[in-house]
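Written below as structure tokens is the structure these notes are about.
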Amino acid sequence: MNILLTGHQGFIGKNLYNQLKLKYNVIGFDLKSGQDILKDKFPDNINLVIHLAGLSSVKDSLKNPQKYWITNVIGTKKVFDYYKNIRVLYASSSTAHEPWQNPYAMSKFCMEKLEHKNSLGMRFTTVYGEGARQEMLIPKIINNKVKYININHKRDFIHVKDVNCLIEIMIKKEFKGIVDVGIGKAEKLVDIMEYFKIDYKKTIGDETERLDNTADISKLKKFGWKAKINLYEYLKKAKEKNENKASKY
């Protein structure tokens, strides 16, 4: 099977690329590799498309709403139009549940409204793991660089390996529409801080972000899928590894 993977140099994409290339012929397509979904020609002879390319920062979208519309919506429409007869799995976001909150959320919501007869939109919650951007919360916790926490926020954290295992399942299933991708349980950010005894400035999240992004995983359960990686266990091991590394210097 020939799989086109857009965004294969990104956080989720890089992990997925390394996993899928052991079983499939995976063709990467990424701006970091000089390939632009808005300008460049897509490859032919593709059996499946996994579309992960796009912009994904809520805060940045508030500053650059047009950029998010062009990249996420128009870029995805190009993918859908070129591969109109090919199955497409694409990255949406849990923010699409409340699209009025920010341009990023609206761009993902509008992506889901684009016409494609054989596609699956995956509404990822808060994905963490190896290769995540350092400005994300989990890397900040690991590196003891948390400055503030929105005390009214809860997040459904899912490890990138669990996400990619689900994508592998979806490759083999003819499942269409939209599906939430998370563990189905949210953690209060303040509880994580207290558990790891991390000092932080208390702030209140505003109306531009969801207070709780818990996934509804009832559809996923039908496929027998269940997340395997526990957030707290992951953080314990990652922080211990960091501390051991620091003690050597």
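Residue numbers count from 1 along this sequence.
- Inspection of the Tyr195 and Lys236 side chains reveals an N or O donor paired with an N or O acceptor under 3.5 Å.
- Thr76 and His51 get closest at one heavy-atom pair: OG1-NE2, 3.0 Å.
- Between the Glu187 side chain and the Arg155 main chain, no donor and acceptor come within less than 3.5 Å of each other.
- Leu52 approaches Ala91 most closely through the heavy-atom pair CD2-CB, 3.7 Å.
- Asp156 contributes a side-chain N or O that, together with a main-chain N or O of Ile183, makes up a donor-acceptor pair within less than 3.5 Å.
- For Tyr68 and Asp60, the side-chain atoms include at least one donor-acceptor pair closer than 3.5 Å.
- Counting non-hydrogen atoms of neighbouring residues, nucleotides and ligands closer than 6.0 angstrom, the CH2 atom of Trp69 reaches no more than 12 such neighbours.
- In this structure, Ser94 contributes its side chain and Asn213 its backbone to no donor-acceptor pair below 3.5 Å.
- Under the ring pair (Phe, Tyr, Trp, His ring centres under 6.0 Å) test applied with His116, the options Phe80, Tyr83, Tyr90 reduce to a single match, Phe80.
- Dense packing is recorded around NZ of Lys78, with more than 12 heavy atoms of other residues, nucleotides or ligands lying under 6.0 Å away.
- A distance-only check finds no donor-acceptor pair linking the side chain of His153 to the backbone of Val190 [under 3.5 Å].
- Distance alone, capped at 3.5 Å, is enough to place a donor-acceptor pair between the Asn242 side chain and the Ile142 backbone.
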Legend entry - Full working for salt bridge (charged side-chain N to carboxylate O under 4.0 Å, His left out) between Glu168 and Lys23: CA-CA 10 Å; Glu168 273 214 73; Lys23 300 179 182 179; 3.2 Å; yes
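- Ring orientation note: the planes of Phe29 and Phe42 are tilted relative to one another, at an angle of 30° to 60°.
- Other residues, nucleotides and ligands contribute over 12 non-hydrogen atoms within 6.0 Å of the CD atom of Glu135.
- Considering CD1 of Ile178 and CE of Met122, their distance stands at 10.0 Å, rounded to 0.5 Å.
- Summarising the local packing, CG of Asp199 is surrounded by 12 or fewer heavy atoms from other residues, nucleotides or ligands at distances under 6.0 Å.
- In the displayed structure, Lys77 atom NZ is contacted under 6.0 Å by at most 12 heavy atoms of other residues, nucleotides or ligands.
- Glu207 and Gln101 form no side-chain donor-acceptor contact under 3.5 Å, judged by distance and modelled atom types alone.
- Judged purely by atom type and a 3.5 angstrom limit, His8 has no side-chain atom pairing as donor or acceptor with the backbone of Leu16.
- For Asp162 (side chain) and Lys228 (main-chain N/O), a donor-acceptor pair under 3.5 Å exists by modelled atom type.
- A donor atom on one side chain and an acceptor atom on the other are found under 3.5 Å apart for Asn150 and Thr203.
- Within 6.0 Å of atom NZ in Lys239, more than 12 heavy atoms from other residues, nucleotides or ligands are found, so the atom counts as buried in its surroundings.
- Judged by distance alone, with hydrogens and angles left aside, the side-chain atoms of Asn2 form a donor-acceptor pair with the main-chain N or O of Asn45 at under 3.5 Å.
- Donor-acceptor pairing under 3.5 Å is lacking for the side chains of Asn164 and Asn15.
- Between the side chains of His97 and Asp180, a donor-acceptor pair is found at a separation under 3.5 Å.
- A salt bridge is absent between Glu115 and Lys84; no separation between the charged side-chain nitrogens and carboxylate oxygens falls under 4.0 Å.
- The closest side-chain donor-acceptor pair between Tyr82 and Lys41 falls under 3.5 angstrom.
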Inset, instruction - Kindly determine whether Lys161 and Glu130 satisfy salt bridge (charged side-chain N to carboxylate O under 4.0 Å, His left out), including the steps that lead there. - result: CA-CA 9 Å; Lys161 288 183 179 179; Glu130 295 72 17; 5.1 Å; no
